Amino acid sequence: MSVPPRAVQLNEANAFLKEHPEVLYVDLLIADMNGVVRGKRIERTSLHKVYEKGINLPASLFALDINGSTVESTGLGLDIGDADRICYPIPGTLSNEPWQKRPTAQLLMTMHELEGTPFFADPREVLRQVVSKFDEMGLTICAAFELEFYLIDQENVNGRPQPPRSPISGKRPQSTQVYLIDDLDEYADCLQDILEGAKEQGIPADAIVKESAPAQFEVNLHHVADPLKACDYAVLLKRLIKNIAYDHEMDTTFMAKPYPGQAGNGLHVHISVLDKDGNNIFTSEDPEQNAALRHAVGGVLETLPASMAFLCPNVNSYRRFGAQFYVPNAPSWGLDNRTVALRVPTGTPDAVRLEHRVAGADANPYLMMAAVLAGVHHGLTNKIDPGKPIEGNSYEQLEQSLPNNLRDALRELDDSEILNKYIDPKYIDIFVACKESELEEFEHSISDLEYNWYLHTV
């Protein structure tokens, strides 16, 4: 006789609490539209109740702007009485928080309607709806993220970030020094604690690389044959990095462009597609001749302009683009070419995959993945041709054509007939309403540069 799903989850809770009698509290976490983790903290004795009955949180959690204020034009706030929905645990996400002084665990949640159906405005559900289209085709998505971030000082200068002093030399890093091992040594204790903390939490982080700016690093996640889980890992990894760094008296930022003149923070994703037998349908000695690969690339490129608001969801996101920083600004693809939007690594035949290189680290992983997979599915089902791959420097061959500001990106998303087939139009309306609200506030602010330029000169 099969065990009921709720009983299976209760077994998970029982096993964890038995293995960790020291745990006092459990943080119940859910990622909002911006990928910001919110939720509740409970005592360990209440964990069984959470698995049995869930917890209530308001639907307006998914109508919050970047400052945590409800955007009423979404219709999820006062219009519905700021009513609750119910959140249930995501199996396999119960783990310790290694940075806590008082032993605490964490558990990811996902929101449902009161009668039990998934809540349409939860970004995880937005992604699940897209993934279900691959399930219908007997296909499985295998995915892995690469996440860039800066370590920054806990003290800023006039509201602006600065690199932290090295725990070893006491100096602040100034140079780029991409892939420099010595820079890894400078912050070795913090970075090693991140990797060890990820292992403790079951997050498959297998490497940290020094990136292209002072105190900038990249964490590579190992591929998993479940895009929802890949996004869960990315959300939890960001939280882990922030808290471990704080333990080492440093802060972190995943802001897309924290420093003028330095590289921004990207969120790359590697994607392959497996058939019902577990074989990668992109496998090929000559990737350019693989029809499935070409069609997937074609679909992603066709939907790329409309996807930009999900890939680059903030005003600051668009400051990251520039040829010198390897951020592609036109729909393009190529074989083992880091100047294009879609890179196809050309290692062994069975490792052929897509590397999507456009999104910033400020993107919500669920929404980013939903947009990318919508493009892959569109390409596979409509046999979209991507044209010839770019050889050499794409920036010298293609003019910028992707939206280069948030307002244009939101228009492209709102008007996209293709993405509206994959992502509930009601959700797109909510997303656009939230981002337009942020954009309006931004455009009504007056920057320091405007005062410097105009206050005494005009």
Side-chain angles (χ1 to χ4, degrees), residues 29-38 62-69 71 123-124 126-127 145-152 156 159-161 211-213 215-219 221 230-243 245 251-260 262-269 304 307-322 325-329 341 356-372 402-410 412-413 430-432 434-439 441-442 445:
L29 312 174
I30 194 163
D32 71 8
M33 174 182 293
N34 291 294
V36 176
V37 174
R38 305 184 186 276
F62 296 116
L64 301 179
D65 64 15
I66 196 65
N67 294 310
S69 300
V71 178
R124 199 176 191 273
V126 172
L127 172 57
F145 283 101
E146 297 173 347
L147 177 64
E148 294 175 345
F149 67 96
Y150 277 92
L151 292 173
I152 58 175
N156 56 39
R160 299 183 180 234
E211 270 298 328
S212 303
Q216 186 190 33
F217 301 93
E218 175 185 275
V219 180
L221 288 165
C231 293
D232 293 341
Y233 289 145
V235 167
L236 294 176
L237 179 63
K238 288 178 78 169
R239 185 168 187 261
L240 174 76
I241 291 171
K242 288 180 179 182
N243 283 285
D251 275 342
T252 55
T253 184
F254 298 89
M255 185 178 179
K257 187 76 168 182
Y259 297 112
Q262 296 287 359
N265 287 320
L267 180 64
H268 297 174
V269 64
L304 191 51
S307 301
M308 285 295 287
F310 287 145
L311 307 175
C312 302
N314 300 307
V315 174
N316 176 260
S317 305
Y318 297 86
R319 303 192 190 281
R320 179 174 147 263
F321 288 80
F325 298 121
Y326 288 92
V327 185
N329 51 25
H356 196 289
R357 298 176 54 80
V358 179
D362 56 338
N364 179 313
Y366 301 108
L367 299 179
M368 172 203 173
M369 183 75 81
V372 174
L402 292 173
N404 63 3
N405 63 84
L406 182 57
R407 187 169 295 284
D408 286 346
L410 292 172
E412 290 272 8
L413 172 61
I430 288 171
F431 181 88
V432 170
C434 281
K435 291 302 168 180
E436 284 185 339
S437 174
E438 291 178 13
L439 190 55
E441 183 174 348
F442 177 83
S445 67

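Computation of the quantities below employed the complete heavy-atom set of this structure, encompassing side-chain atoms and omitting hydrogens, waters and symmetry-equivalent molecules. Because the structure is predicted, anything quoted here is derived from the model rather than measured.
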Report, as yes or no, whether the 6.0 Å neighbourhood of atom CZ on Arg239 holds more than 12 heavy atoms from other residues, nucleotides or ligands.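 Yes, because the 6.0 Å sphere around CZ of Arg239 holds more than 12 heavy atoms from other groups.
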Within the structure provided, determine whether [X] and [Y] are in side-chain contact (heavy-atom separation under 4.5 Å).
X	Y	answer
Ile430	Val71	no
Leu64	Arg38	yes
Arg124	Cys231	no
Ser307	Val372	no

Say whether, by atom type as modelled, one donor and one acceptor occur between the side chain of [X] and the main chain of [Y] under 3.5 angstrom.
X	Y	value
Gln216	Gly264	yes
Asp65	Asn67	yes
Asn265	Thr253	yes
Glu412	Met308	no
Asp251	Ile152	no

Straight-line distance of [X] [atom1] to [Y] [atom2], nearest 0.5 Å:
X	Y	atom1	atom2	result
Cys434	Phe62	SG	CZ	11.5 Å
Leu402	Tyr318	CG	OH	9.5 Å
Phe442	Asn316	CZ	CG	8.5 Å
Leu367	Leu127	CG	CG	8.5 Å
Ser69	Glu438	OG	CD	10.0 Å
Asn404	Asp408	CG	CG	6.5 Å

Verify side-chain contact (heavy atoms from CB on, under 4.5 Å) between Leu439 and Val315, making sure each step is shown before the conclusion. CA-CA 7 Å; Leu439 190 55; Val315 174; 3.8 Å; yes
Decide whether Lys257 and Asn314 meet the rule of one side-chain donor and one side-chain acceptor closer than 3.5 Å.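 Result is no, nothing qualifies.
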Derivation of the side-chain contact (heavy atoms from CB on, under 4.5 Å) call for Ile241 and Phe149: CA-CA 9 Å; Ile241 291 171; Phe149 67 96; 3.9 Å; yes
Can you see which heavy atom on [X] is nearest to which on [Y], and at what distance?
X	Y	result
Pro365	Ala234	CG-CB, 3.9 Å
Leu410	Ala309	CD2-CB, 3.9 Å
Ala256	Arg320	O-CD, 3.7 Å
Pro123	Tyr366	O-CB, 3.5 Å
Pro258	Pro260	O-CD, 4.2 Å
Ala213	Ala263	CB-N, 4.3 Å

Could you walk me through whether Leu221 and Leu147 satisfy the side-chain contact (heavy atoms from CB on, under 4.5 Å) test, starting with their C-alpha distance in whole Å, then the side-chain angles of each, then the deciding distance to 0.1 Å, before giving a yes or no? CA-CA 8 Å; Leu221 288 165; Leu147 177 64; 5.9 Å; no
Kindly assign one of parallel, tilted or perpendicular to the pair Tyr150 and Tyr259, based on the angle between their ring planes and the thresholds 30° and 60°.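 If you compare the ring of Tyr150 with that of Tyr259, the planes turn out perpendicular.
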Could you tell me how the ring of Phe431 sits relative to the ring of Phe310: parallel (under 30°), tilted (30 to 60°) or perpendicular (over 60°)?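 Judged by the thresholds at 30° and 60°, the geometry between Phe431 and Phe310 is perpendicular.
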Does the side-chain contact (heavy atoms from CB on, under 4.5 Å) test come out yes or no for Leu413 and Val432, once each step is laid out? CA-CA 8 Å; Leu413 172 61; Val432 170; 4.2 Å; yes
With Leu267, which of His356, Met368, Lys238 fulfils side-chain contact (heavy atoms from CB on, under 4.5 Å)?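 Of all the options given, the one that passes is Met368.
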For residues 360-369, which residue pairs pass the salt bridge (charged side-chain N to carboxylate O under 4.0 Å, His left out) check, not counting sequence neighbours?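 Residue pairs with at least one partner in residues 360-369: there are none.
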